2 protein chains.
Amino acid sequence: MFSKSTEYALRATIYIAQESNSDKKLSLNQIANAIDSPPSFTAKILQLLTKDNCIISSVRGPNGGFYITEDAKQLPIRKVLEAMDEQDLFIKCILGLNNCSETKPCPMHYQYQPIKKQLIKLFETKTILQLADPSQPANFLVNNSL
Amino acid sequence: MFSKSTEYALRATIYIAQESNSDKKLSLNQIANAIDSPPSFTAKILQLLTKDNCIISSVRGPNGGFYITEDAKQLPIRKVLEAMDEQDLFIKCILGLNNCSETKPCPMHYQYQPIKKQLIKLFETKTILQLADPSQPANFLVNNSL
DNA sequence: ATAATTAAGGACAAAAATACCTTTAATTGT
DNA sequence: ACAATTAAAGGTATTTTTGTCCTTAATTAT
């Protein structure tokens, strides 16, 4: 569905929203460890998410780290996809066509369109806050023993 | 959603099912031209689809080319994903976790699960024939002038 | 038989995604 | 001021994906 970068970005954002606030910041290593991602690569992802502090905020130095503001928690998760430049879901159809629509539909258009609509709705309406329920520690591990 | 390889594979399969039969075979160049894909790369994709002639059939030599049998048209399009080793949709969740389920759900599980179910149903129940039906649209061009 | 045609197969090239490492800058506490 | 800590930034390495090219094998028509 998404690139690893986007998966890490979504996991990191939700985890930070669950665990942090401006008084309790999370270090890169805490985050990478929690969301099961390579630390150095995760650093790059976090840099994208903190661009202009628009999704994630960060401060350097001792007791520094990453956190998210209450305002940013209200953003729809689509913003995370935008930050990662992951727009194919919104632009392309399931066969990879760019302008697949009612006027020039592909052979799978009528089958995929309703599903695409739900996916778009999910990312445009669900906020970071709605996905980050702090009442219980969430599962972010790629491989679980079931 | 899918890799370019898988997109080409789906487009090629549907196109071949629309246009060919054992008496009317399609050359590599006809196919690549129709589905808007790089010819040499498409050749590799077609090799995967013709493995054991299980989805697409081919014959070499003059008047040779690719075609699909009536039997193969009855296969669900999931078979194309299998041939391309594109299994993430069926295995992983939207955050990239392998064993995301009711017992250990990720933070997006309950939002994504119903959509994933529809996607799986689409690929497991729709046959190549159903998508290649003359009643279905037949546009395969990546960039349309709308 | 021979030549022409077409897919199959192998090697290789380019580009993109993923991952790592080192240095720099900011911040904090002493 | 200084040392310690932490993210930012830059460069590089590795792997995967995408794409090309050339040779081989099969088939057909002459």
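What you are looking at is a predicted structure, and each value in this text was computed from that prediction instead of being measured. Note on naming: letters A, B, ... go to the chains in the order of the sequence lines (proteins, then strands), and numbering restarts at 1 for each one. All values below come from the heavy atoms of this structure, side chains included, with hydrogens, waters and symmetry mates left out.
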Note to self: In this structure, how many angstroms lie between the P atom of D:dT17 and the CD1 atom of B:Ile45, rounded?
What the structure shows: 12 Å
Next item on the list: Among C:dT6, D:dA8, D:dA29, find the nucleotide with the atom closest to the side chain of B:Asn63.
Entry: D:dA29
Check: C:dA8 P sits how many Å from B:Leu46 CG, rounded?
Finding: 8 Å
Notebook entry, point to check: When you measure from the side chain of A:Pro38, which nucleotide among D:dA4, D:dA8, C:dC20 comes out closest?
Noted result: C:dC20
Item checked: Touch class at under 4.0 angstrom, heavy-atom based, for A:Ile31 against every strand present -> nothing
Note to self: Once you apply a heavy-atom cut-off of 4.0 Å, does B:Leu48 come out as touching a base, just sugar-phosphate, or nothing?
What the structure shows: nothing
Margin query: So, does B:Tyr8 get its side chain near the phosphate of D:dG19, meaning an N or O under 4.0 Å from OP1 or OP2?
Written below: yes
Item checked: Residue B:Phe66, side-chain atoms from C-beta onward, closest of C:dA8, C:dC20, D:dG19 -> C:dA8
Margin query: I'd like to know if B:Lys79 pairs up with B:Glu82 as an ion pair, taking the criterion as any Lys NZ or Arg NE/NH1/NH2 lying under 4.0 Å from an Asp or Glu carboxylate oxygen.
Written below: yes
Next item on the list: Output the distance between atom NE2 (A:His109) and atom OG1 (A:Thr103), rounded to the nearest 0.5 Å.
Entry: 8.5 Å
Notebook entry, point to check: Can a donor-acceptor pair be found between the side chains of A:Asp71 and A:Thr69 at a distance below 3.5 Å?
Noted result: no
Next item on the list: Whole angstrom is fine here: how far is it from NZ in A:Lys25 over to C1' in D:dA7?
Entry: 12 Å
Note to self: Measure CD1/B:Ile35 against C1'/D:dG19 and give the value in whole Å, please.
What the structure shows: 14 Å
Check: Reckon A:Ser3 touches a base, only the sugar-phosphate, or nothing at all at heavy-atom distances under 4.0 Å?
Finding: sugar-phosphate
Notebook entry, point to check: Is it true that the side chains of A:Thr50 and A:Ser58 contain a donor and an acceptor less than 3.5 Å apart?
Noted result: no
Note to self: Side-chain N or O of A:Thr50 versus OP1/OP2 of D:dA8: is the shortest distance under 4.0 Å?
What the structure shows: yes
Check: Is the base of D:dA7 touched by the side chain of A:Gln47 through a donor-acceptor pair closer than 3.5 angstrom?
Finding: no
Next item on the list: Is it possible for you to say whether B:Leu46 and B:Leu48 belong to one hydrophobic cluster, with membership spreading through side-chain heavy-atom contacts below 4.5 Å?
Entry: yes
Notebook entry, point to check: Atom NZ of A:Lys51 and atom P of D:dA9: how far apart are they, to the nearest Å?
Noted result: 7 Å
Notebook entry, point to check: Could you state the CZ-C1' distance from B:Arg11 to D:dT18, rounded to the nearest angstrom?
Noted result: 14 Å
Check: Quick one: on DNA chain C, does A:Gly64 or B:Arg60 contact a more 5' nucleotide (nearest heavy atom)?
Finding: B:Arg60
Note to self: Please pick, from C:dA26, C:dC20, C:dA7, the nucleotide with the shortest atom-to-atom distance to any side-chain atom of B:Ser27.
What the structure shows: C:dA7
Item checked: Distance-only donor-acceptor test, B:Lys4 side-chain atoms vs D:dG19 base atoms, 3.5 Å -> no
Notebook entry, point to check: Choosing from D:dA8, D:dA25, C:dA4, which nucleotide comes nearest the side chain of B:Pro62?
Noted result: C:dA4
Notebook entry, point to check: Considering only D:dA9, C:dT5, C:dA19, which nucleotide approaches the side chain of A:Phe41 most closely?
Noted result: C:dA19
Check: Would you say A:Ser58 reaches D:dT6's phosphate, i.e. side-chain N/O to OP1/OP2 under 4.0 Å?
Finding: no
Checklist line | A:Lys44 NZ - D:dA13 P separation (whole Å) | finding: 15 Å
Margin query: Distance check needed: D:dT17 P versus B:Met1 CE, whole Å only.
Written below: 18 Å
Notebook entry, point to check: Is it true that B:Lys4 and B:Glu7 make a salt bridge, defined as a side-chain N closer than 4.0 Å to a carboxylate O?
Noted result: no
